[in-house]
Each structure stands twice: as C-alpha cells, then as structure tokens.
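Read the numbers this way: they start at 1 and go in the same order the structure lists the ligands and their atoms.
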Amino acid sequence: MKVLVIGGDGYCGWATALYLANHGHEVAILDSLVRRHWDAQLCVETLTPIAPIQYRLRRWRDLTGKDIGLYVGDICNYEFLERSMLDFQPQSVVHFGEQRSAPFSMIDREHAVLTQQNNVIGNLNLLYAIHEHFPDCHLVKLGTMGEYGTPNIDIEEGYITIEHNGRKDTLPYPKQPGSYYHLSKVHDSHNIHFACRIWGLRATDLNQGVVYGVLTEETGMDELLINRLDYDGVFGTALNRFCIQAAIGHPLTVYGTGGQTRGFLDIRDTVRCIELAIAEPAKQGEFRVLNQFTEQFSVAELALKVQEAGKDLGLKVEINNLENPRVELEEHYFNAKNTKLLDLGLQPHYLSDSLIDSLLNFAIKYKDRVDQEHILPKVKWRA
Ligand code: NAD
Ligand code: USQ
C-alpha cells in the first residue's frame, strides 16, 4: 500500500515509516522539521544524536535498498500539502504531524495558540485534501488517551451508549482533556468525525497512551537510523524520563503523589498498531476510534519499577515527589478499554524488567549528552 507518514521525522513517525517500509509498503514521509526547530528554541537536544532526515533516508536506502520519499513542508500550507499528496497518490495517510507536548502548550498564550493553530488547521487542511482528491484514502490519525481525561467511570473506545429520560443513543464519549495540547486533539477528533459524516471519508482515530522505549528492529539497525528520545521537562514523557534520570543519578521526578494513572505502550507496539489499522481500514463514512495502549500504570508504580531495575545495574535510584506543576487529579479511578486493537491482532510487548534494563543501558550509553538544566519541570499550569 502507498502510505504517507506525516510527522515521519518524529519519535513515533520515524519508527513507523521504517517499519512500514520494511514490511512491504511504499512509504513517503512528509514533515516540516518544525520539531527540530522547537528543540533549538528551547535549547534542548534529544538524548540520542539524530541525523538530518536526508542522511537518515540515504542510510536506510543503502542498508535495505528501499526508497522512502520525502516532502519537507508544513501541512498548514494547503498548496504544499495538496501538491505533495497529488505527487505521491497515497492510499493511506498516517498523521503524526502535530505539536504534541502538553507543557509546551501551557508555556503561555503564544504557545497555546501555536499548538492549536498548528494542530487544528493542519488536520483540517488534510481533511480537505483527502475529500477533494482522494475520497477513498484512509486517514489514520494519532489522537490521545488524554482526550478522555480521568472520569469516574470506565472509559470506552470512542463512544458510549447512554439512556436518558427513557431514550437511548450511542454518542461520542465525553472529553475532559488536561492541557491546551490535549484539547487540540479533541478539536481534531470532532473535525474528523464531522468530515466522515458529511463527506463519507474513512478515518481511524488512534487514542494513543504514553509511548516508551526507543529501539525497534529498524531504528536499531544503524547509528544513523537512531530514533529521538526526549528527556527534558517539556517534551520528555514519564517512563523515558525516569530511565534517563536514573542513568545520570538524578532523583526521579514524580509529580505530586504519583497516583496519576495513564495508558502506556512500547514503541514497538505503536508501529504494529499503525500497520493493523492500515490493513483493515475504516469503512467509507466511518469514524472509527481505537484506544491504543497495552497497560495502565500510575506514575508512582513506574518510578518504583525503574528504581528496582536500577538496583540490578548497581544504580542507586532516589524518588522525589515534586510539587505538581500541572493541574490534574493525583488520585482517581481509571479503567480504560483497549480491546479493539487486540481484536485486530495486536500481540503486545508488555512492560518487562528487560525492557527497563535495556532502556537504562541505552540511557547510560548516551548519558554524557544530558543537560541537567532541563530535567526539572519549568512550565506550570497556574503560572
Ligand atoms: P514528535 O514531536 O516526535 O514528532 C512530530 C513530528 O511532526 C515532528 O517531526 C514535527 O516536525 C512534525 N510536525 C509537527 N507539526 C507539523 C506540521 N504542521 N506540518 C508537518 N509536520 C509537522 O512527536 P511524537 O512523539 O512522534 O508524536 C507523534 C504523534 O503521536 C502526535 O500527534 C502525538 O500527539 C501523538 N502521540 C504521541 C505520544 C507519545 O508518547 N510520544 C503518545 C500519544 C500520542
Ligand atoms: N509526570 C510525572 N513526572 C514526570 C513527567 C510526567 O509525574 O517527570 C506525570 C504527569 O504529571 C502526568 C503523567 O506523568 O500525570 C503523564 O505525563 P507525560 O508527560 O508522560 O505525558 P503527557 O503530558 O500526558 O503527554 C504524552 C505525550 C502526548 C500524548 C500523551 C498520551 O507527550 O503527545 O498525547 O502522552 S496520554 O497521556 O494518554 O494523553
């Protein structure tokens, strides 16, 4: 299948583009490279030294003989998006290309506006491009589990059946997101759902949990193919951050009590979920929603796991409960469904001691690149 991977220079997108190319798909990457620009603005670098996208792709071709196309530009620019899609003629579009950090979106008004403009307008342009030129193309859009928030009832996959005053209907599940970033995903979901209803587009919204890990079969082939691994207080995410903190002897930064529970998955499952979603597209007019995570953990549980694994490697790992910079529930009910991807054939890589070990060892290998200045959170929700 011809698959366009938007955001293919990023953490999930790079691993996915290589995985799909390795599994027989014809792949092109579209990316504005803006994430590299935001890193530079924040003066942060990923733990791993990532090569320029052109070098990455050349190395991939040299190693495998497979070509991955490249379109460098912003999907908020409709003419560029339309031209690239007409050139590539995709059958599926996987859309990872957004500003994806909650803290980044909460820095100030400017960053909130940037996040919502970039995400909502880029996604809307994509809906128009598909409608105008590729009405049969399947859109696979990365959403987030954080769209649901932490309601005091079970979280379903996208929809909930409600009985009210003697009548019954199946409706989109209520959304209570926790940042302007997470809100941008809710706006995207509504726009996609609407486009499916009025134009008959086919779309899958993948409500992904927090991703951890760095190595996939393909990104581990060569140093030039290495994936990014963020550890800073803006773009770094819970488990990845904890492993890197443990590697450099920094106390683990648990926000508040650490009772915050979220869905998590290994990056090797991210790439497989995308493959499964592509292989069985949503029907024409269908807005399909799949919850993409394999296990749920509290942040405190993850910190304890890293502490345990660290012991075996001779690391003395301390856990610090910091004042929570976010506004979020620290003790709450969380029980989210995630059966639809399993039904499509996902065989999860559950979080194991060996995965934490390998992530710790990976972090130790690159620990000299860590700038301690960027570990503690600086962005507050109530600044
Ligand atoms: P990332 O920042 O590593 O990658 C995103 C890529 O999109 C970057 O290369 C960036 O340059 C590109 N991009 C951003 N805006 C663009 C635009 N307007 N036009 C073209 N390219 C653009 O992020 P990631 O961690 O790979 O996340 C990918 C997607 O998955 C995001 O939509 C994110 O919300 C979602 N997601 C990520 C996680 C996670 O834990 N990393 C969890 C759940 C959902
Ligand atoms: N947390 C800590 N310590 C840290 C970092 C985070 O306790 O050092 C806590 C946060 O307060 C939060 C939880 O861990 O309660 C998750 O935070 P995170 O930074 O790991 O993840 P989040 O901000 O939710 O965002 C990430 C990705 C985003 C994606 C989301 C999936 O950056 O793109 O949408 O995970 S989800 O969480 O399911 O919404």
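Contact between G143 and ligand 1 is present, with at least one heavy atom of the residue lying under 4.0 Å from the ligand. The closest approach between Y181 and ligand 1 falls below 4.0 Å for a heavy atom of the residue. Within the 4.0 Å heavy-atom shell around ligand 1 one finds K185. By the 4.0 Å heavy-atom criterion, G73 is counted among the residues contacting ligand 1. Within the structure, ligand 1 has G209 among the residues with a heavy atom less than 4.0 angstrom away.
For ligand 2, the 4.0 Å heavy-atom shell contains residues R100, A102, T144, M145, G146, Y181, H182, Q208, G209, V210, G236, T237, A238, R241, F242, T253, V254, Y255, Q260, R262, V299, R326, E328.
Scanning the protein heavy atoms around atom 29 (C) of ligand 1, the nearest turns out to be F96 O, 3.4 Å. Of all protein heavy atoms, the one closest to atom 22 (C) of ligand 1 is S32 OG, 3.4 Å. Closest to atom 16 (C) of ligand 1 among all protein heavy atoms lies G97 O, 3.3 Å. The single protein non-hydrogen atom nearest to atom 15 (N) of ligand 1 is N118 ND2, 3.1 Å, given as residue, atom name and distance. D31 OD1, 3.4 Å is the protein heavy atom nearest to atom 12 (C) of ligand 1. Shortest contact from atom 38 (C) of ligand 1 to any protein heavy atom: Q208 NE2, 3.6 Å. Nearest to atom 1 (P) of ligand 1 among the protein's heavy atoms is R35 NH1, 3.8 Å. Looking from atom 26 (O) of ligand 1 to the surrounding protein, the closest heavy atom is C12 N, 2.8 Å.
Transitive grouping of hydrophobic side chains (ILVMFWY, heavy atoms separated by less than 4.5 Å) brings I130 and F194 into a common cluster. Both Y148 and I192 are assigned to one and the same hydrophobic cluster, defined by single-linkage of ILVMFWY side chains at heavy-atom distances under 4.5 Å.
The distance criterion of under 3.5 Å between nitrogen or oxygen atoms is met by R100 with respect to ligand 1. Residue-to-ligand polar distances keep L30 apart from ligand 1: every N/O pair is separated by 3.5 Å or more. Here's the thing with I75: one of its N/O atoms is less than 3.5 angstrom from an N/O atom of ligand 1. Considering backbone and side-chain N/O atoms, V34 comes within less than 3.5 Å of an N/O atom of ligand 1. For the pair Q99 and ligand 1, the shortest N or O to N or O distance does not fall below 3.5 Å. Considering backbone and side-chain N/O atoms, H95 never comes within less than 3.5 Å of an N/O atom of ligand 1. Close N/O approach between I6 and ligand 1 is not found [any backbone or side-chain N/O within under 3.5 Å]. At a 3.5 angstrom cut-off on N or O pairs, T237 does not count as close to ligand 1. On a distance-only criterion, D230 and ligand 1 share no N/O pair closer than 3.5 Å. In terms of polar-atom proximity, defined here as any N/O pair under 3.5 Å, V211 does make such a contact with ligand 1.
Using a 4.0 Å cut-off between charged side-chain N and carboxylate O, E157 and K337 make no salt bridge. The pair E218-K66 fails the salt-bridge criterion, with no side-chain N (NZ, NE, NH1 or NH2) lying under 4.0 Å from an Asp/Glu carboxylate O. Classification of D169 and R167 as a salt-bridged pair fails, no side-chain N sitting under 4.0 Å from a carboxylate O.
Close placement of the Y128 and W199 rings is indicated, their centers lying within 6.0 Å of each other.
With hydrogens and angles ignored, the 3.5 Å screen pairs no side-chain donor or acceptor of T216 with any backbone N or O of R268. The main-chain N or O of F88 is found under 3.5 Å from a side-chain atom of K2 such that the two form a donor-acceptor pair. No donor-acceptor distance shorter than 3.5 angstrom exists from the side chain of N320 to the backbone of L322, with no hydrogens or angles considered. Put simply, the side chain of H133 never gets that close to the backbone of A129: no donor and acceptor are under 3.5 Å apart. Of the possible polar contacts, none joining the D31 side chain to the G73 backbone as a donor-acceptor pair under 3.5 Å is found.
Within ligand 1, counting atoms from 1 as listed, the ones closer than 4.0 Å to a heavy atom of D74 are 17 (C), 18 (N), 19 (N). Below 4.0 Å from some heavy atom of D9 lie the following atoms of ligand 1, by number and element: 9 (O).
For the 3.5 Å distance criterion, the side chains of S179 and H182 qualify, holding a donor opposite an acceptor. Remark: the S298 side chain and the T261 side chain contain no N/O donor-acceptor pair separated by less than 3.5 Å. Side-chain polar atoms of Y255 and Q260 form no donor-acceptor pair below 3.5 angstrom. Judged purely by distance below 3.5 Å, without hydrogens or angles, the side chains of D266 and Y350 never pair a donor atom with an acceptor atom. A donor and an acceptor atom, one from each side chain of T257 and E331, are located under 3.5 Å apart. Side-chain polar atoms of N207 and Y173 form no donor-acceptor pair below 3.5 angstrom.
Between W38, Y11, Y71, it is Y11 that holds the heavy atom closest to atom 3 (O) of ligand 1.
Within the structure, side chain to side chain donor-acceptor pair (under 3.5 Å) pairs that include any residue of residues 364-376 comprise E223-Y366 (at least two apart or interchain).
Under a 4.5 Å side-chain heavy-atom cut-off, the cluster of Ile, Leu, Val, Met, Phe, Trp and Tyr residues that includes M106 is completed by V34, W38, L42, V44, F104, I107, L114, Y180, L183, V234, F235, V327, V379, W381.
Residue contacts with ligand 1, taken as heavy atom pairs separated by less than 4.0 Å, involve L33 solely via the backbone atoms N, CA, C and O. Here R228 has side-chain heavy atoms under 4.0 Å from ligand 1, and that is the only part of it that gets that close.
For the side-chain contact (heavy atoms from CB on, under 4.5 Å) test, residues two or more places apart in sequence or in another chain that qualify with S84 are L30, Y71, F80.
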